[in-house]
Amino acid sequence: MRAIILAAGQGTRLKPYTEDRPKCLIEVDGRTILEHQLKNCLRAGVREAVIVTGFRGDLVEQSVAAWRGNGLASLPIKTVFNPRWKDTNNLVSLWSARKYMEEGFVLINGDDVFDHRILTRLTGENHYEIHVCMDRKDRYDDDDMKLLVSEGRVQAINKTIDPARAQGESIGIMKFTREGAGRLLKELEAMVSSPTGNTDWYTKAVERIALSGYGIGAVCIEGLRWAEIDYPEDLAFVRENLSGLFQ
């Protein structure tokens, strides 16, 4: 299976660390977030990675070239540049990689650090054509991409769900089979040219698919460590508490 990694944004909330480099190239324990993700893809049996770049895409290209001779030579890596990265959201970044979706793929947000077993668990799920990785916690906040789930099936996914009703949080890692990818492509095509296409998250497309009645499975990864790095305090937390993920 192929992985598509969305790494086009600058990560302005993470400044000053992202003044001159994209968020995916921030280092933790001497390894960038992106390199960590690619090594996890290798460990999970992913056969190819496609990275969607934008801000300082040249630095990502340089890093990929270096990694090919430093432990990642066995993982073919392609890059796709989103020229509209500055004025669009990640729906357009995902649409930029549409030619790599047809066979099915794993989707990874470019600011996630995670236990490689999350990918292994996800790729082993076959109950639905689309699966969303979900974690649970005691309290959810307004910035969490919250989930409503019924009998293991996603009913809604957005940030506006009442935190008191939320049953989980999307961690930004999903799997689409060939059929699921085809369904996603149809939704993306309809949305990307809409009045809100530039500002929509790709999760809105996933939610629209769920609301249409198409089955989307929730894969609970509770107990496996992960983090999304949005702010300097997130980076400090990862560096202090999750360094073991980078071994």
Side-chain angles (χ1 to χ4, degrees), residues 2-28 31-41 46 48-68 72 75-102 105-114 143 145 159 170-174 176 181 184-185 187-206 227-232 234-235 238:
R2 172 182 290 135
I4 296 178
I5 300 173
L6 301 182
Q10 179 177 2
T12 55
R13 294 181 295 181
L14 200 56
K15 287 183 176 181
Y17 300 99
T18 56
E19 289 284 358
D20 61 352
R21 71 191 65 195
K23 182 161 53 170
C24 66
L25 294 185
I26 296 299
E27 289 192 359
V28 180
R31 181 178 296 168
T32 66
I33 295 170
L34 183 56
E35 186 178 4
H36 157 77
Q37 293 178 333
L38 293 170
K39 286 184 177 292
N40 278 351
C41 286
V46 171
E48 182 182 68
V50 176
I51 305 165
V52 182
T53 67
F55 175 70
R56 292 308 308 269
D58 59 316
L59 294 182
V60 178
E61 295 281 359
Q62 292 171 22
S63 297
V64 168
W67 293 332
R68 288 193 178 106
L72 286 168
L75 179 67
I77 304 171
K78 295 181 172 69
T79 58
V80 175
F81 181 66
N82 172 13
R84 300 172 59 201
W85 65 268
K86 193 172 184 178
D87 60 354
T88 61
N89 218 321
N90 64 13
L91 183 143
V92 174
S93 285
L94 183 54
W95 178 247
S96 299
R98 58 193 177 277
K99 75 175 185 177
Y100 295 105
M101 297 182 192
E102 292 182 355
F105 63 100
V106 172
L107 178 61
I108 302 173
N109 284 352
D111 56 5
D112 274 355
V113 293
F114 53 91
D143 200 43
M145 188 60 70
K159 292 186 176 184
S170 170
I171 73 167
I173 303 177
M174 305 182 184
F176 300 82
L184 175 67
L185 280 167
E187 203 67 48
L188 292 176
E189 185 173 14
M191 293 178 66
V192 76
S193 59
S194 73
T196 61
N198 285 351
T199 57
D200 281 334
W201 301 90
Y202 70 78
T203 47
K204 183 175 180 180
V206 175
E228 179 182 50
I229 301 178
D230 282 325
Y231 299 96
D234 298 332
L235 180 59
V238 168

Check T32 against C24 and note the closest heavy-atom contact, atom names and distance.
CB-O, 3.7 Å
Which pair of heavy atoms, one from S96 and one from V52, lies closest together, and at what distance?
CB-CG1, 4.5 Å
Set of residues satisfying salt bridge (Lys or Arg N to Asp or Glu O under 4.0 Å) with respect to D230, sequence neighbours excluded:
R13, K23
Who are the side-chain hydrogen bond (donor to acceptor under 3.5 Å, both in side chains) partners of E187, not counting sequence neighbours?
R183, R208
Not counting sequence neighbours, which residues clear side-chain hydrogen bond (donor to acceptor under 3.5 Å, both in side chains) with N90? List them please.
none
In chain order, what residues pass the salt bridge (Lys or Arg N to Asp or Glu O under 4.0 Å) check against K159, with sequence neighbours excluded?
D143
Evaluate the criterion side chain to side chain contact (heavy atoms under 4.5 Å, CB included) for residue pair T196 and K204; output intermediate values, then yes/no.
CA-CA 11 Å; T196 61; K204 183 175 180 180; 3.9 Å; yes
Is the backbone N or O of E27 less than 3.5 Å from a side-chain atom of H36, with the two atoms forming a donor-acceptor pair by type?
no
From the options I4, V106, L107, select the one residue that forms a side chain to side chain contact (heavy atoms under 4.5 Å, CB included) with F176.
L107
Identify, with sequence neighbours excluded, every residue that meets ring pair (Phe, Tyr, Trp, His ring centres under 6.0 Å) alongside F81.
none
Residues forming a side chain to side chain contact (heavy atoms under 4.5 Å, CB included) with S63, sequence neighbours excluded:
L25, W67
If you look only at pairs with a residue in residues 82-92, which of them pass as a salt bridge (Lys or Arg N to Asp or Glu O under 4.0 Å), with sequence neighbours excluded?
none
Nearest heavy atoms of V92 and G197, plus distance in Å:
CG2-O, 3.7 Å
Please identify each residue that fulfils side-chain hydrogen bond (donor to acceptor under 3.5 Å, both in side chains) with T79, with sequence neighbours left out.
E61
With sequence neighbours excluded, what pairs up with W95 under the ring pair (Phe, Tyr, Trp, His ring centres under 6.0 Å) test?
none
side-chain hydrogen bond (donor to acceptor under 3.5 Å, both in side chains) partners of N109, counting only residues at least two apart:
Y202
Among all residues two or more places apart in sequence or in another chain, which pass the salt bridge (Lys or Arg N to Asp or Glu O under 4.0 Å) test with E48?
R2, K78
Salt bridge (Lys or Arg N to Asp or Glu O under 4.0 Å) involving D58 - partner list, sequence neighbours excluded:
R56
For F114 and N40, work out which heavy atoms get closest and say how close.
O-ND2, 2.7 Å
If every non-hydrogen atom of D200 is compared with every non-hydrogen atom of L91, which pair is closest and at what distance?
O-CB, 3.2 Å
State whether the side chain of T18 and the backbone N or O of G11 hold a donor-acceptor pair below 3.5 Å, judged by distance alone.
yes
